[in-house]
Protein chains: 2
Amino acid sequence: MSIFAALADPTRRGIVESLARGALSSGEIAERFDISASAISQHLKVLREAQVVRVRAEAQRRIYELDPHGVAELSRWVEELKGFWAPRFDALEAELRKPAGRPRKRRKEK
Amino acid sequence: MSIFAALADPTRRGIVESLARGALSSGEIAERFDISASAISQHLKVLREAQVVRVRAEAQRRIYELDPHGVAELSRWVEELKGFWAPRFDALEAELRKPAGRPRKRRKEK
DNA sequence: TGCTTAATTTAGCTGATACTAAAATAACAA
DNA sequence: TTGTTATTTTAGTATCAGCTAAATTAAGCA
């Protein structure tokens, strides 16, 4: 599964954001969310397989932390995207300073 | 929908990568993929709503291009993640230079 | 040996997502 | 007008993702 698919789920992004502050056990992660430990474990599996996080065992506990591979891969993809833009960068900078740009609903857009 | 959910789908990432090279009409995008123009249009809608792309009309054509808002948002999230790591950055750099780190299947891992 | 704690795996349900085909919208051209 | 081209929207279907509950694995401790 791609790193983007792994990060598509808000709970999984929450886990990643938690781990950015430091390593946590599976149980400590589960405490922070209102879903079962089982569900958390399944999310952690997805994140592991996408190399967004990695585990080490410590007695019965599994300690999770961010995996540099996944973050580096994500970073590379984004940087490459921005790279193609380089020639047009000034225009974009200006663009970003404009008001808000929230999805202006023209017709009725359900 | 979050920008990550929008980028979770491989076809949508392909569209974004195509648009990184420059603006394209809906039809030109559809040519590049083996799915119906309808499916592409639905993908474009998801990307539009996540502000990953934006459209302008040109006669009957809809010209799509990357939307700086979405890319900036994505970039910010990733940079922030890396930011938390800053203190530990040397260790990570070393980590990234190691062999491969593909998911080594220990037990039987379906 | 059990019992407890920590975590994962499996099974099954439900809702969301990606697709096609067909209908609708819209601009241009004869 | 009527037809053609470009695109979107709607309807319907099939597959997938995320959840809970229950079973399983595994380490530590009495």
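Letters A, B, ... mirror the listed sequences (proteins, then strands); counts begin at 1. All heavy atoms count here, side chains included; hydrogens, waters and symmetry mates do not.
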| message | Strictly below 4.0 Å: does Ser36(A) bring a side-chain N or O up to OP1 or OP2 of dT20(D)? | response | yes

| note | The answer to which of Ala37(A) and Ile40(B) contacts DNA chain D further toward the 5' end, by nearest nucleotide, is Ile40(B)

| message | Please tell me if Arg62(A) has a side-chain N or O lying less than 4.0 Å from either OP1 or OP2 of dA27(D). | response | no

| query | Within the pair Tyr64(B) and dA6(D), is there a side-chain N or O less than 4.0 Å away from OP1 or OP2? | reply | no

| Charged N to carboxylate O below 4.0 Å: is that the case for Lys82(A) and Glu79(A)? | yes

| task | Ignoring backbone atoms, establish whether Ser25(B) has a side-chain N or O less than 4.0 Å from OP1 or OP2 of dT7(D). | result | yes

| task | Examine the base of dT9(D) for any acceptor or donor lying under 3.5 Å from a partner atom in the side chain of Ser41(B), and report the outcome as yes or no. | result | no

| message | For Asp67(A), is there any backbone N or O sitting under 3.5 Å from a side-chain donor or acceptor partner on Arg54(A)? | response | no

| query | Are any of Arg61(A)'s side-chain N or O atoms less than 4.0 Å away from OP1 or OP2 of dG28(D)? | reply | no

| Where the side chain of Ser38(B) is concerned, which of dA21(C), dT20(D), dA27(D) is the nearest nucleotide? | dA21(C)

| message | Between the base of dT25(D) and the side chain of Gln60(A), is one N or O donor paired with an acceptor at under 3.5 angstrom? | response | no

| query | Does His43(A) have a side-chain nitrogen or oxygen under 4.0 Å from the phosphate oxygens OP1 or OP2 of dA17(D)? | reply | no

| said: Between the base of dA18(C) and the side chain of Thr11(B), is one N or O donor paired with an acceptor at under 3.5 angstrom? | reply: no

